[in-house]
Amino acid sequence: MLTLKQIQDNKQEVIERLKIKNFDAVNIVDQIIELDNKRKSTQTEADNLQAEMNRLSKSIGQLFKEGKAEEANQAKETTAGLKEQIKNLTTQQDSIETELQNLVVQLPNLPHPSVPAGKSADDNIKVREGGLIPQLTEALPHWELAKKFNLIDFELGVKLTGAGFPVYKGHGARLQRALIAFFLDEAIAAGYEEVMPPLMVNEDSGFGTGQLPDKEGQMYHVTADNLYLIPTAEVPVTNIYRDVILDGNQLPVRNCAYSACFRREAGSYGKDVRGLNRLHQFDKVEIVQVAHPEKSYVVLDEMVNHVQSLVEKLGLPWRIMRLCGGDMSFASALTFDFEVYSGAQERWLEVSSVSNFETFQSNRLKLRFREEGEKKTQLAHTLNGSALALPRILAAILENNQFEGGIKIPDVLVPYCGFDVIA
RNA sequence: GGAGAGAUGGCAGAGUGGUCGAAUGCGGCGGUCUUGAAAACCGUUGACCUUCACGGGUCCGGGGGUUCGAAUCCCUCUCUCUCCGCCA
């Protein structure tokens with residue numbers, strides 16, 4: 001969430017920039033500023049009374065010690081009024097703070113100046129692209145290939161769990177495992193430390209990265225224990241740094257993690273969700289960085305380049321999109337999406353989203369760092385990206401690499417899966 | 001699931017209801033000594049809110065209560081640990 005200081009100091013800028021995200025912040029910002037000012041004055045008042053109270057209490061103790069019971073009792077009487085006033089003020093302050101909090105969490109992150117205005121994915125801007133779009137004849141979509149070569153059993157998943165929970169089998173399962181290992185090895189080689197996080201998180205973690213309180217509908221909620229299945233490893237991995245104060249020289253922190261991801265995605269239907277295009281459970285390797293505020297955009301580029309190297313090594317046709325204000329997530333300041341071309345479906349599939357959240361998450365997480373020699377702490381920047389999400393990558397590999405008798409495996413994966421062709 | 005114990009500063013660990021933001025040790029930082037280092041010694045060492053600043057306030061797991069005054073007493077919630085049972 002935005003800091004109160006950001007809002008107080010740059011009111012007009014906040015309003016203007018949120019317009020890019022199609023968010024009208026005028027009223028809410030005014031309310032926030034008014035409440036914040038009220039909070040400050042109320043607190044000053046309460047603090048002064050409390051200071052008075054503390055002084056009195058101390059003197060009462062002293063008086064009793066000296067045996068001046070009468071004076072002490074006299075002083076006691078004067079505390080009653082103070083106590084009442086303080087109680088009123090702190091009650092007031094509590095409600096102000098609750099109200100303030102409720103308002104502030106509604107504000108999305110400010111988009112970076114380079115974010116184009118726009119309403120939907122149609123307004124995203126292509127940054128660059130690479131690879132060759134395959135010229136296929138009589139190409140089968142991946143769900144038919146998956147069936148033909150016995151790689152993925154969607155119906156079996158329905159039997160076991162429900163739609164959107166496919167069962168990977170044989171070469172399909174091995175290919176999946178190969179992709180995970182390949183992505184992790186690439187990330188490790190690029191300097192990321194691997195972690196294996198829990199697949200369920202508590203409420204605090206959900207709030208820290210911004211899934212809660214608003215988007216609980218996206219996560220599976222285990223009500224018996226009040227835990228949430230993670231929609232992405234970003235949640236547990238970023239929350240590693242919740243309530244942490246790092247040394248400036250520890251930055252940037254780099255982590256990568258493989259995890260299964262769970263998304264409810266209620267209300268989806270149609271060809272968009274056919275096959276592997278959209279699942280309730282899928283696998284993903286995620287990269288996360290905690291960066292110095294002055295360097296976070298360099299870090300973002302570095303992460304984008306890393307993801308680019310992955311799709312290039314897999315030999316997939318790719319493009320990078322700069323998301324417009326309307327297509328960006330609530331918490332992001334700047335997001336680049338990676339899409340790969342799916343030869344049989346003849347459409348682009350989103351396989352990665354790389355974002356800089358600046359201080360939006362760290363403010364919720366209380367993730368700070370201290371510059372060497374400085375006394376004050378400041379909020380760090382957090383970034384993350386998929387590197388990569390597996391299902392659509394698998395879909396593109398299957399579709400693009402199909403030939404008459406089978407499917408060719410990208411060279412980089414062969415050492416990982418142990419076969420070079422599915423036939 | 002059953003029984004018990006506990007939650008205090010980066011860590012370990014004290015704390016009779018009244019100068020306790022909190023002893024002590026370790027760690028960290030600065031210094032003395034040293035060619036340098038170690039050891040020893042001296043000093044220093046939490047976060048947050050508010051203020052231009054001085055200062056003031058809050059925080060001893062969370063919430064509530066008793067009291068002029070609570071880390072210390074009461075209630076409640078959460079979490080952690082140990083033992084037993086079950087189990088990959």
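The figures here come from the full heavy-atom set of this structure, side chains too, leaving out hydrogens, waters and symmetry mates. Here is the naming used below: chain letters follow the sequence lines, and residue numbers restart at 1 for every chain.
Within 4.0 Å of A:Thr79, counting heavy atoms only, lie sugar-phosphate atoms of the nucleic acid but no base atom. Among the heavy atoms of the strands lying under 4.0 Å from A:Thr377 are primed sugar atoms or P, OP1, OP2 only; no base atom is included. Looking at heavy-atom distances under 4.0 Å, A:Arg55 makes no contact with the nucleic acid at all. Across all strands shown, A:Gln50 has heavy atoms under 4.0 Å from sugar-phosphate atoms exclusively, and none from any base.
B:U66 sits 11 Å from B:G17 when the C1' atoms are compared, rounded to a whole Å. Taking atom P in both B:G65 and B:A12, one finds a spacing of 32 Å when rounded to whole Å. Nucleotides B:G28 and B:A39 place their P atoms 9 Å apart, quoted to the nearest Å. Comparing the P positions of B:A71 and B:G2 gives an interatomic distance of 35 Å, to the nearest angstrom. Taking atom C1' on both B:G6 and B:C87, the two are 26 Å apart, rounded to the nearest angstrom. For the P atom pair drawn from B:C84 and B:U8, the interatomic distance equals 26 Å after rounding to whole Å. Using P as the reference atom, B:C42 and B:G61 are 32 Å apart when rounded to the nearest Å. Rounded to whole Å, the separation between the C1' atoms of B:C48 and B:U67 comes to 27 Å.
With contacts defined as side-chain heavy-atom distances shorter than 4.5 Å, the pair A:Phe419/A:Arg174 qualifies. Using a 4.5 Å heavy-atom threshold, the side chains of A:Phe282 and A:Lys284 count as touching.
Ion pair A:Arg55/A:Glu52 flagged as a salt bridge, since at least one NZ, NE, NH1 or NH2 atom sits closer than 4.0 Å to an Asp/Glu carboxylate oxygen. Note on A:Lys19 versus A:Glu16: salt bridge recorded, some NZ/NE/NH1/NH2 to OD/OE distance being below 4.0 Å. For the pair A:Asp411 and A:Lys408, the salt-bridge criterion is met [side-chain N within less than 4.0 Å of a carboxylate O].
Judged by the 6.0 Å and 45° rule, A:Arg177 forms no cation-pi pair with A:Tyr416.
Annotation: side chain to side chain donor-acceptor pair (under 3.5 Å) contacts of A:Arg254 (sequence neighbours excluded): A:Glu302.
Base-pairing analysis of RNA chain B finds the following stems of at least three consecutive Watson-Crick or G-U pairs, with both pairing distances under 3.5 Å: B:1-7 with B:78-84, B:10-12 with B:24-26, B:27-32 with B:40-45, B:46-50 with B:55-59, B:61-65 with B:73-77.
Both A:Leu56 and A:Asp94 lie close to RNA chain B; mapped to their nearest nucleotides by heavy-atom distance, the more 5′-ward contact belongs to A:Asp94. Positionally, the nearest nucleotide of RNA chain B for A:Ala51 lies more toward the 5' end than for the other of A:Ala51 and A:Ile60.
Note that the first and last nucleotides of RNA chain B, 5' to 3', having any atom under 4.0 angstrom from a heavy atom of chain A are B:G18 to B:G69.
Ring geometry for A:Phe360 versus A:Phe330: interplanar angle over 60°, hence perpendicular rather than tilted (30 to 60°).
Within a 6.0 Å radius of CD in A:Glu34, other residues, nucleotides and ligands contribute 12 heavy atoms or fewer.
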